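Step one of this worksheet: look at the structure below.
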Amino acid sequence: DDARFEDNNEAEDEGVAERINTLADEIRSLIGQGRSFEAVEAALANPPYNTKDPAIKLKAAEAAYSAVVCLKDTEMDGVLEKLDVDQRDVLMKYLYKFMGMSAEWDEKDERFKDSAKILKLHAKLTSKAGVGCIVRVMAERRVV
């Protein structure tokens with residue numbers, strides 16, 4: 001029974017990995033078309049909660065990161081206005097994930113230039129969604 005359970009988890013992870021690869025392609029396409037809100041919305045739509053595979057979670061976070069950092073500062077408020085409570089919570093989870101990911105980057109990594117944008121978006125999201133959003137994210141067991 002345990003072996004069958006592990007096989008099932010591997011099969012599920014393969015499906016999740018395929019979905020994340022497709023999502024990353026979709027996000028790149030939306031960014032290329034200048035459709036930043038749709039890119040963010042796609043990134044937040046179906047986070048990989050059902051996998052414990054860190055590589056899959058990282059791939060999803062990197063795809064979400066590319067969507068979030070493509071936002072212009074002038075677009076942030078409008079995007080946050082359009083998101084519902086669940087999407088805002090997922091975005092907050094990803095913002096914390098991005099902050100954690102930055103600890104792994106080399107100091108010459110180009111992504112560091114987007115750190116200010118991540119912090120600015122965190123402040124705007126906290127202002128819009130309230131501290132309840134942070135509490136929900138911290139209390140939630142499902143991680144992105």
Side-chain angles (χ1 to χ4, degrees), residues 5-144:
F5 181 73
E6 287 177 20
D7 287 344
N8 188 37
N9 282 344
E10 286 178 27
E12 278 183 30
D13 280 353
E14 285 177 24
V16 173
E18 274 183 43
R19 181 176 59 78
I20 297 303
N21 285 331
T22 301
L23 173 67
D25 290 342
E26 178 186 354
I27 289 171
R28 275 191 295 276
S29 175
L30 290 167
I31 291 169
Q33 296 169 33
R35 297 168 55 193
S36 54
F37 172 71
E38 289 91 343
V40 170
E41 194 173 42
L44 303 178
N46 193 3
Y49 291 135
N50 295 333
T51 184
K52 294 191 183 328
D53 186 330
I56 294 172
K57 288 189 178 279
L58 180 61
K59 177 82 173 181
E62 288 172 344
Y65 183 85
S66 66
V68 168
V69 299
C70 83
L71 290 173
K72 296 179 180 89
D73 289 356
T74 57
E75 295 175 310
M76 288 181 185
D77 290 324
V79 166
L80 294 177
E81 190 66 38
K82 293 177 185 175
L83 298 178
D84 65 28
V85 172
D86 291 334
Q87 290 171 313
R88 290 177 187 157
D89 286 358
V90 173
L91 176 57
M92 186 66 80
K93 287 179 185 183
Y94 273 124
L95 292 176
Y96 286 126
K97 176 84 169 188
F98 303 157
M99 291 176 203
M101 287 166 43
S102 68
E104 302 296 319
W105 299 337
D106 181 87
E107 59 191 37
K108 296 176 184 149
D109 195 305
E110 284 291 309
R111 293 174 287 187
F112 273 122
K113 69 180 181 202
D114 296 316
S115 295
K117 182 176 281 193
I118 298 301
L119 292 172
K120 182 182 284 190
L121 186 57
H122 180 270
K124 287 180 175 284
L125 179 56
T126 302
S127 176
K128 180 70 181 162
V131 293
C133 180
I134 295 172
V135 172
R136 287 189 299 278
V137 167
M138 295 297 178
E140 174 74 54
R141 290 181 182 258
R142 299 178 308 165
V143 296
V144 294

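Computed from a predicted model, the values in this text were never measured in an experiment. Every heavy atom of this structure was used, including side-chain atoms; hydrogens, water molecules and symmetry mates were not.
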Whether over 12 other heavy atoms sit under 6.0 Å from [X] [atom1]:
{"X": "Asn50", "atom1": "CG", "value": "no"}
{"X": "Glu75", "atom1": "CD", "value": "yes"}
{"X": "Gln33", "atom1": "CD", "value": "yes"}

Would you say that [X] contacts [Y] through its side chain, given a criterion of any heavy-atom pair below 4.5 Å between the two side chains?
{"X": "Met76", "Y": "Lys117", "result": "yes"}
{"X": "Thr51", "Y": "Glu12", "result": "no"}
{"X": "Leu91", "Y": "Arg88", "result": "no"}
{"X": "Asp114", "Y": "Phe98", "result": "no"}
{"X": "Ile134", "Y": "Tyr96", "result": "yes"}
{"X": "Asp77", "Y": "Lys124", "result": "yes"}
{"X": "Lys97", "Y": "Tyr65", "result": "no"}

How far does [atom1] of [X] sit from [atom2] of [Y], to the nearest 0.5 angstrom?
{"X": "Leu83", "Y": "Leu44", "atom1": "CG", "atom2": "CG", "answer": "6.0 Å"}
{"X": "Met92", "Y": "His122", "atom1": "CE", "atom2": "NE2", "answer": "4.0 Å"}
{"X": "Met101", "Y": "Ile118", "atom1": "CE", "atom2": "CD1", "answer": "9.0 Å"}
{"X": "Ser66", "Y": "Ile27", "atom1": "OG", "atom2": "CD1", "answer": "5.5 Å"}
{"X": "Lys59", "Y": "Ile20", "atom1": "NZ", "atom2": "CD1", "answer": "9.5 Å"}
{"X": "Cys133", "Y": "Lys128", "atom1": "SG", "atom2": "NZ", "answer": "12.0 Å"}

Going by an N to O cut-off under 4.0 Å, is there a salt bridge joining Asp25 and Arg28? yes
Check: Would Arg111 and Asp109 pass as an ion pair if we require N to O under 4.0 Å?
Finding: yes
Practice problem: For side chain to side chain contact (heavy atoms under 4.5 Å, CB included), just list the numbers for Val90 and Gln87, CA-CA rounded to whole Å, side-chain angles, deciding distance to a tenth of an Å, and then say yes or no. | Solution: CA-CA 5 Å; Val90 173; Gln87 290 171 313; 5.7 Å; no
Between [X] and [Y], is there a donor-acceptor pair closer than 3.5 Å when you use the side chain of the first and the backbone of the second?
{"X": "Arg19", "Y": "Asn46", "answer": "yes"}
{"X": "Ser127", "Y": "Ala123", "answer": "no"}
{"X": "Lys57", "Y": "Pro48", "answer": "yes"}

Q. Could you go step by step and tell me if Tyr49 and Val16 meet the side chain to side chain contact (heavy atoms under 4.5 Å, CB included) rule?
A. CA-CA 10 Å; Tyr49 291 135; Val16 173; over 6 Å; no
Looking only at heavy atoms, what is the nearest atom pair of [X] and [Y], with distance?
{"X": "Tyr94", "Y": "Ala61", "value": "CE2-CA, 3.6 Å"}
{"X": "Ala42", "Y": "Leu23", "value": "O-CD1, 3.4 Å"}
{"X": "Pro47", "Y": "Val144", "value": "CB-CG1, 3.7 Å"}
{"X": "Ile31", "Y": "Cys70", "value": "CG1-SG, 3.8 Å"}

From CA spacing to verdict: side chain to side chain contact (heavy atoms under 4.5 Å, CB included), Leu121, Leu80: CA-CA 9 Å; Leu121 186 57; Leu80 294 177; 4.1 Å; yes
inquiry  = What verdict does the side chain to side chain contact (heavy atoms under 4.5 Å, CB included) test give for Asp106 and Phe112, after you've listed the backbone C-alpha separation in whole Å, the side-chain angles of each residue and the deciding distance to 0.1 Å?
reply    = CA-CA 9 Å; Asp106 181 87; Phe112 273 122; over 6 Å; no
